[in-house]
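It should be emphasised that the depicted structure is a prediction, and the values quoted were computed from it without experimental measurement.
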Amino acid sequence: MDIKFTESELQFLSKSYGDENIQLEFTDTNEFSIHHPKAKIPCEIIAFTSRSIRIQYKLGFFKNLLVNMFVNFELEGIIWDKREKYFDIHPFSFLPEKERLATKDFRIDAISLEPGSFEITLGIMPEKGLNDQF
């Protein structure tokens with residue numbers, strides 16, 4: 001199953017869960033920029049697992065130092081590693097409880113970020129057999 005988000009849909013989600021002043025700009029395959037009134041932050045999707053997406057960001061030394069000292073960010077489903085400069089995003093955890101349970105066997109098979117859209121391909125996790133439990 002493929003889920004495709006347009007750039008405007010992602011803008012809406014970023015404003016719903018974040019700051020109204022944040023703008024997203026898709027710059028290249030797997031790369032995008034976050035525009036905030038105080039900074040432009042280049043980002044790149046560097047990896048994904050069956051249930052999460054890792055996004056690395058690039059800040060200069062002084063901006064990164066200020067972020068580490070003054071910015072606190074906690075949101076269920078997002079783990080921020082300030083030292084390594086990346087976010088692990090667990091998109092299934094953003095869902096309401098009923099939908100979260102309904103998607104517990106889904107996995108991320110592929111992701112694609114291109115100018116204008118972000119696409120996630122989902123698959124079903126194989127059931128564990130009796131021999132897989134040990």
Side-chain angles (χ1 to χ4, degrees):
M1 170 183 6
D2 291 342
I3 300 172
K4 190 170 193 172
F5 296 98
T6 65
E7 196 166 348
S8 60
E9 290 169 330
L10 289 174
Q11 293 286 7
F12 173 77
L13 289 173
S14 72
K15 289 180 181 183
S16 298
Y17 288 100
D19 189 337
E20 280 190 27
N21 297 321
I22 292 176
Q23 295 290 320
L24 300 173
E25 177 189 2
F26 298 168
T27 54
D28 199 3
T29 303
N30 294 336
E31 294 181 4
F32 61 99
S33 291
I34 298 171
H35 294 273
H36 187 274
K38 297 181 181 179
K40 178 181 176 182
I41 306 162
C43 301
E44 180 179 6
I45 298 173
I46 58 171
F48 68 93
T49 67
S50 61
R51 303 285 291 177
S52 69
I53 301 168
R54 180 167 288 178
I55 297 175
Q56 186 172 35
Y57 60 92
K58 301 167 187 124
L59 288 175
F61 174 78
F62 290 110
K63 284 184 183 177
N64 196 56
L65 184 65
L66 292 172
V67 165
N68 287 340
M69 291 172 45
F70 298 112
V71 177
N72 269 335
F73 175 79
E74 292 185 24
L75 185 63
E76 183 180 353
I78 299 178
I79 298 169
W80 184 10
D81 186 327
K82 290 182 180 181
R83 182 176 301 197
E84 299 296 324
K85 300 180 191 174
Y86 69 78
F87 292 98
D88 275 335
I89 300 174
H90 302 268
F92 296 103
S93 65
F94 295 129
L95 299 171
E97 188 65 30
K98 185 177 177 182
E99 286 80 4
R100 195 179 308 174
L101 289 172
T103 58
K104 69 179 176 58
D105 292 331
F106 284 25
R107 69 170 186 246
I108 299 171
D109 283 340
I111 55 175
S112 173
L113 180 63
E114 297 176 1
S117 68
F118 175 63
E119 189 171 344
I120 301 174
T121 302
L122 300 176
I124 304 291
M125 290 187 195
E127 290 187 33
K128 290 186 176 183
L130 186 56
N131 294 331
D132 294 338
Q133 295 177 2
F134 300 105

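Note that CG of Leu59 is 10.0 Å distant from CG of Leu66, once rounded to the nearest 0.5 Å. Taken to the nearest 0.5 Å, the CD1 atom of Ile45 stands 10.0 Å off from the CD atom of Glu31. The CG atom of Asn30 sits 6.0 Å away from the CG atom of Leu113 when rounded to the nearest 0.5 Å.
Ring geometry for Phe87 versus Tyr57: interplanar angle of 30 to 60°, hence tilted.
No donor-acceptor distance shorter than 3.5 angstrom exists from the side chain of Arg54 to the backbone of Phe48, with no hydrogens or angles considered. Under a 3.5 Å cut-off, the side chain of Arg51 and the backbone N or O of Phe106 do form a donor-acceptor pair. Side-chain N or O atoms of Gln11 include one that pairs as donor or acceptor with a backbone N or O of Leu24 at under 3.5 Å. At distances below 3.5 Å, at least one donor-acceptor pair connects side-chain atoms of Arg100 with backbone N or O atoms of Leu95.
Cluster annotation: Ile89 is connected to Ile111 through the hydrophobic network of ILVMFWY side chains, with a link wherever side-chain heavy atoms come within less than 4.5 Å. Linking ILVMFWY residues whenever their side-chain heavy atoms come closer than 4.5 Å, directly or via other members, leaves Tyr86 and Ile53 in distinct clusters.
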**OP:** Evaluate the criterion side chain to side chain contact (heavy atoms under 4.5 Å, CB included) for residue pair Lys58 and Glu44; output intermediate values, then yes/no.
**Re:** CA-CA 9 Å; Lys58 301 167 187 124; Glu44 180 179 6; 3.6 Å; yes

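For the pair Ile22 and Ile34, the minimum side-chain heavy-atom distance is below 4.5 Å. In this structure the side chain of His90 reaches within 4.5 angstrom of the side chain of Ile79, judged on heavy atoms.
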